[in-house]
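Notes to accompany the following structure.
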Amino acid sequence: MSIRTKIVAAISAIVVIVAGAVLIAVKPWAGGSDEATITWWVPDWDEAVATELVAEFEAENPDYDVEIVLTTWDTMADKIRVALDAGTAPEVITELTSRVARYARADQLTDVTSWYDSSMPTEDFLTSALEAVTVNGATYAVPFRHDSSVLLYNREQLAAAGYDEAPQSWDEVVAMSADLTSEAGYAFGWPLGNDNNAVVRWLEQYLSNGGDLTPAADGSLTIDETAAAAGLTSIAESIQEGWASQSSLELDNTALRDLMANGKVAMYVGGAYDIAPLQEAGIDVGTAPYPGVGGAGTTTADGFSLLVPADIENTDGAQALVQFLAQPHNEAALTATFPARVSAMEDERFSDPLQQPAIDQLMEYSVPLPNHPAWSDMTPAIFAAVQSVVLGDQTAADGAASIVAEAERLLGPIE
Amino acid sequence: MSALSAPVDHAAAARERARRSARRTTQHGWLTSLPGIVAVTVLCLVPIVMTLVEAFSAEGLAAARTLLETPVLGRAVRNTVVWTVISVVGAVLIGYGAAFLLQHRAVRWPGLVRSLLLLPWIVPQVVAATIWCWYLSQDFGLLNRMLQVIGLIDDPVDWLSNTSLVLPVLASIQVWSTFPFVMLIISAGLQGIPEELYEAARLDGARSHHLLRYIVLPSLRDLTFIVLLITTIWAFNSFALVWLITSGGPADSSTLLGVLLYRAFQQGDTARVAVVAVLQFLVSVVIALLYVKRTREEDA
């Protein structure tokens, strides 16, 4: 070997050894940070408010620096799950409330039961929000946003068809549909092009037709086949009879909102977060409770919570940040819909009359999504059943049977 | 030293110098390649081996049994084959056509035309998926509106929600997206064919179809093989376009193997992910081996 080659080899070896030593010492792949830095994963729609709150927190707690890392709706579930599985998660994560139980059962989260002190008493939190993040008596997250569905309608279109108020039941929706459907648009629309959106809409029909999501004592869940079939029938008939948008199979919640914003759909079920965008689009939007069988229907409630991964180094910092964010005025600022704390509802942000039906739906007619660890695995089966029945590829009875069979396979007793 | 041994020493010394020089070159080559080898090993070989181990573990074999018992795997394989055939054949035919068009004398400003034809390749897949989604909307899409206005259809067509139509429609979008790549490769190949070949053939009385059959196509054979190989592997492993537009629906009618893999990933089912990944990997390896075999035959 020549002198030059030996020199190159020696330098390469030294570089590799030094780089390896630095990597092992710094561990950039590991989540978390040093004692003074708290990393908080925030969804992009909360960025502006989160930045302001972080500035306030850092002013009150000069020993801590908070680093915000943005997530997106489409990628957050995968990103959070991979980070928790790999042990590279940050100190604090904003995550969908209904997904918390899964991580908790995998022992990936810090038990924050003791954090619910006088500054954030459990009595001040919405029961359904706390239930969703509590597993075997221990609480594993702090909810800050909680909401349910609401009926959104175009007041001008309904008035033009001779209706001065929204339908109060599903029968009234069906009765009004003919008057609201024309060549220009449809009476109703469904977001059946997105699996999660479609499952939520089916669940609402399932619950409103007498279905139940209450787990048994051993944690297992049974799906009522009759209510399941009724839910599928309601959705399918609306499209097959021509008064719900024929392109429902192509739409998600956002696309459906765009259709209403363009005057193509008179009514749909969405969230309180849809009110402002529709108003900005010039729609005279009205809201009403979910029209169920014989009156207000039951919907599912979900939201977002702050969770703290297990085995992080800076637990004190994470606790300080989470307890700060959970204060009523901060929850009121951070939520894009409604806070998870009852006292925070008194904020003037939630005094808009348009929001009252959504608040009533949340407080009186909603139930949390099941926190069975395998619940989210039901999504493909329910989605396929909804689409198949709408397309006429199978009957509602067969679709319901397939959902029940999958539930029996997946939603057994929790070990 | 005798006069007789002097020439032998020179030759031996020269051979030794050549041997040492070759050894230095080899060592140098290995050293400079080392970072790349390490990167490929860490980023490619290690994940492949780990996936194979997972797929053939007890959990993996159980996941494979479960998959084989459900209709979704068979449906995904069938859909993937149909998708691949339409995507590859479409992209190659249209890519060839576009390349020939650019060579034609009648085309003014070939640079401008080439730039316009490259647009589908440049547009990000997320943007393309969003645009096509609205363009093909049954009730509010521009395509149905145009077809109704010119009288080709009476009622709107459910391009994306019809289980028979959705896959060919999505494959057509894939063709739209990938034909510019074929066009670029074949254009470069066409420009590499010496003009003298054409002139000589014309002097012998060859017409256009003779030029195409006996000069152009044989000259492009190697490039065509590469283009077929690459577009087949791309199509077989496709995911983004289908996921963004239909999520594999309606009712799994556009579910490809890539979509099946992603659903398993979303559910945290690592065993199923490994099984589907190994299936895709094996098919890709077969395709790659075809290429290696062909390359060796040509070298021989």
Side-chain angles (χ1 to χ4, degrees), chain A residues 1-2 4-6 8-9 11-13 15-16 74 77-78 81-82 84-85 102-103 106 185-186 189 192-198 239 245-252 255 258-259 262 264-265 373-374 376-381 383-394 399 409-410, chain B residues 20-21 23-32 34-35 38 66 70-72 75 126 130 132-141 144 155-164 166 169 243-255 259-260 262-270 272:
Chain A
M1 196 186 283
S2 72
R4 193 168 62 180
T5 307
K6 285 180 187 170
V8 168
I11 292 172
S12 302
V15 166
V16 168
D74 288 326
D78 296 337
R81 187 169 39 74
V82 169
L84 288 171
D85 287 345
R102 186 176 198 145
Y103 309 135
Y186 294 91
L192 306 182
N194 176 276
D195 50 1
N196 288 311
N197 297 164
I239 297 172
S245 172
Q246 301 297 293
S247 52
S248 289
L249 284 166
E250 304 163 11
L251 306 172
D252 61 7
D258 288 341
L259 285 189
N262 285 284
K264 301 298 183 185
V265 158
S376 59
D377 296 343
M378 286 289 298
T379 298
F383 185 45
V386 168
Q387 291 194 324
S388 296
V389 174
V390 166
L391 286 167
D393 291 347
Q394 65 177 5
R409 189 177 76 83
L410 291 172
Chain B
R20 269 193 253 124
S21 174
R23 203 162 50 231
R24 272 200 302 273
T25 305
T26 306
Q27 284 169 353
H28 212 83
W30 276 109
L31 268 177
T32 48
L34 196 58
V38 169
T66 311
T70 61
V72 70
R75 203 174 298 137
V126 173
T130 307
W132 278 106
C133 224
W134 281 113
Y135 189 68
L136 295 168
S137 167
Q138 178 180 357
D139 291 324
F140 313 110
N144 276 337
D155 298 315
V157 178
D158 45 354
W159 303 104
L160 298 176
S161 47
N162 183 311
T163 51
S164 304
V166 65
V169 167
W243 184 259
L244 290 168
I245 297 179
T246 62
S247 302
D252 291 333
S253 53
S254 64
T255 295
V259 171
L260 197 64
Y262 186 66
R263 283 195 194 141
F265 170 72
Q266 283 186 313
Q267 292 168 347
D269 189 344
T270 52
R272 182 176 278 210

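Given the structure is predicted, the values throughout are model-derived calculations rather than measurements.
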Is the shortest heavy-atom distance from the side chain of A:L391 to the side chain of B:P250 under 4.5 Å? yes
Given a strict heavy-atom distance threshold of 4.5 Å, which part of B:T32 is in contact with chain A: side chain, backbone, both, or neither? neither
Among A:A255, A:S376, A:A77, A:A384, which residue forms the greatest number of heavy-atom pairs with chain B at distances under 4.5 Å? A:A255
Between B:S161 and A:Q246, the two heavy atoms sitting closest are OG-O, 4.4 Å
When rounded to the nearest 0.5 angstrom, what distance separates CZ in B:R263 from CG in A:D195? 7.5 Å
Shortest non-hydrogen contact from A:Q387 toward B:G249: OE1-CA, 3.7 Å
Should we count CH2 of B:W134 as having more than 12 external heavy atoms under 6.0 Å? yes
Could you tell me the separation between the CD atom of B:Q267 and the CG atom of A:L410, rounded to the nearest 0.5 Å? 8.0 Å
Per-residue contact mode, A:D377 against chain B (heavy atom under 4.5 angstrom): both
Would A:S245 and B:D139 count as a side chain to side chain donor-acceptor pair (under 3.5 Å) if you check the C-alpha gap in whole Å, the side-chain angles of each, and the deciding distance to 0.1 Å? CA-CA 8 Å; A:S245 172; B:D139 291 324; 3.0 Å; yes
OG-CG distance between B:S247 and A:D252, expressed to the nearest 0.5 angstrom: 8.5 Å
What part of A:V82 gets within 4.5 angstrom of chain B, counting heavy atoms only: side chain, backbone, both, or neither? side chain
Applying side-chain contact (heavy atoms from CB on, under 4.5 Å) to B:T66 and not counting sequence neighbours gives B:R272
Say you draw a straight line from CH2 of B:W159 to OG of A:S247; how long is it, rounded to the nearest 0.5 Å? 15.0 Å
Can you name the side-chain contact (heavy atoms from CB on, under 4.5 Å) partners of A:R81, sequence neighbours left out? A:D78, A:D85, A:Y103, B:F265
Interatomic distance, A:L251 atom CG to B:F140 atom CZ [nearest 0.5 angstrom]: 8.0 Å
Under a 4.5 Å heavy-atom cut-off, does chain B meet the side chain of A:L192, its backbone, both or neither? neither
